[in-house]
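See below for the structure under consideration.
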Protein chains: 2
Amino acid sequence: MSKSEVVELPVLQGGDVVPCCPPITAGELSQADAEKMAGMFKALSDPVRLRLFSKIASHPGGEACVCDIADVGVSQPTVSHHLKKLREAGLLTSERRGTWVYYQVAPSVVAAMAAMLDLRG
Amino acid sequence: MSKSEVVELPVLQGGDVVPCCPPITAGELSQADAEKMAGMFKALSDPVRLRLFSKIASHPGGEACVCDIADVGVSQPTVSHHLKKLREAGLLTSERRGTWVYYQVAPSVVAAMAAMLDLRG
DNA sequence: CCAGCGTATCGACAAGCATCGAAGCAAGGA
DNA sequence: TCCTTGCTTCGATGCTTGTCGATACGCTGG
């Protein structure tokens with residue numbers, strides 16, 4: 001489903017931010033932009049998802065096997081459910097390598113979220 | 001409930017970030033930190049709240065009267081409900097001045113959220 | 001003190017969501 | 001080919017949440 005190249009480090013070079021929505025200080029949000037942004041924030045609005053995401057983001061290379069992060073206090077199907085939500089929101093990508101499935105953070109999408117919250121608009 | 005001093009501008013001077021939680025790349029999130037962060041993101045996970053918030057943030061001085069922003073396509077009680085959610089999450093403060101109630105953005109809290117999303121941890 | 005306007009709370013309802021166990025699918029080894 | 005292991009999907013369930021109309025509260029002017 002995703003590329004074979006593995007992102008070396010979740011470090012942003014200059015300008016590596018997907019232009020998604022204007023910063024919240026830049027005037028009224030359109031209905032469409034509001035829904036797009038709300039979807040991203042909703043993906044991070046659950047403690048379990050946040051812990052899964054931080055586990056992946058803090059792994060070397062910004063990627064981790066499901067088996068490395070599954071210990072967050074909920075059942076394994078629930079972990080899979082949450083990873084799917086994060087993937088659908090564009091915050092993670094996934095890739096099967098043999099027996100295991102690896103999840104990677106999508107740095108540009110995360111950077112876009114941070115940019116929306118920049119009050120120095 | 002809040003102070004009488006009105007924030008002059010939602011501009012951040014150096015270091016004006018409430019130390020809330022470590023950036024998501026700084027290792028596994030504790031249960032408590034994950035819940036605190038999830039509460040903040042949840043506050044912005046609704047299109048109506050996002051539009052209300054952007055209307056306030058884009059107003060001069062980072063504050064607005066309810067009557068100035070209430071036109072977001074839902075009923076007045078619903079607007080009040082959403083503003084309460086944003087207030088409870090710490091993203092807004094409110095202040096009654098005569099007949100009207102003014103809402104202000106809490107710049108340091110928003111900056112803290114942006115800091116959590118900084119992948120250059 | 002009463003009427004009117006702006007805002008908040010209440011109670012109810014429908015829709016959404018997190019969670020689980022069971023079952024399904026994919027890959028690898030015996 | 002069968003079994004095992006890793007992960008996903010399915011179906012059900014209980015809780016949370018967005019929404020509204022009705023009502024209550026706070027302030028101002030008459």
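Just so it is clear, the structure is predicted and the values come from calculations on it, not from any experiment.
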Would you kindly give the CH2-to-C1' distance between B:W100 and D:dG29, to the nearest whole Å? 12 Å
Quick one: on DNA chain D, does A:P77 or A:R96 contact a more 5' nucleotide (nearest heavy atom)? A:R96
So, does A:R49 use its side chain to make a donor-acceptor pair with the main chain of A:A43 at under 3.5 Å? yes
What nucleic acid atoms does B:S80 come within less than 4.0 Å of, heavy atoms only: base, sugar-phosphate, or nothing? base
Determine whether a donor-acceptor pair (N or O, by modelled atom type, separation under 3.5 Å) exists between the side chain of B:K55 and the backbone of B:D71. yes
Is there a donor-acceptor pair under 3.5 Å between the side chain of B:S54 and the backbone N or O of A:L29? yes
Please determine if a side-chain N or O atom of B:K42 lies less than 4.0 Å away from the OP1 or OP2 oxygen of D:dT17. yes
Base, sugar-phosphate or nothing for B:Y103? Non-hydrogen atoms, less than 4.0 Å. sugar-phosphate
Taken to the nearest whole Å, CG/A:L86 to C1'/C:dA18 is 13 Å
Base, sugar-phosphate, or nothing: which does B:V79 touch, judged by heavy atoms less than 4.0 Å apart? nothing
Separation of atom CD in B:Q76 from atom C1' in C:dC10, rounded to whole Å: 13 Å
Distance in angstrom units between B:H82 NE2 and D:dC20 C1', rounded: 11 Å
In whole angstrom, give the distance that lies between atom CD of A:E35 and atom P of C:dG16. 13 Å
Should B:H81 and B:V74 be marked as a side chain to side chain contact (heavy atoms under 4.5 Å, CB included) after you check the CA-CA gap, both sets of side-chain angles, and the distance that decides it? CA-CA 11 Å; B:H81 166 74; B:V74 294; over 6 Å; no
Grab the NZ-P distance between A:K84 and D:dC10 for me, whole Å please. 7 Å
May I have the distance from B:L50 (atom CG) to D:dG18 (atom C1'), rounded to whole angstrom? 15 Å
Result for 5'-nearest mapping on DNA chain C, choosing between B:C67 and A:T78, is B:C67
Tell me the interatomic distance from A:H81, atom NE2, to C:dT19, atom P, rounded to whole angstroms. 7 Å
Donor-acceptor check, side chain of A:S80 to backbone of A:P77, threshold 3.5 angstrom: yes or no? no
By nearest heavy atom, map B:T99 and A:K85 onto DNA chain C; which one lands nearer the 5' end? B:T99
Counting heavy atoms from C-beta on, name the nucleotide in C:dC20, D:dG18, D:dT8 closest to the side chain of A:S75. C:dC20
Of the candidate nucleotides C:dA8, D:dG18, D:dC20, which contains the atom at the shortest distance from the side chain of B:V74? D:dC20
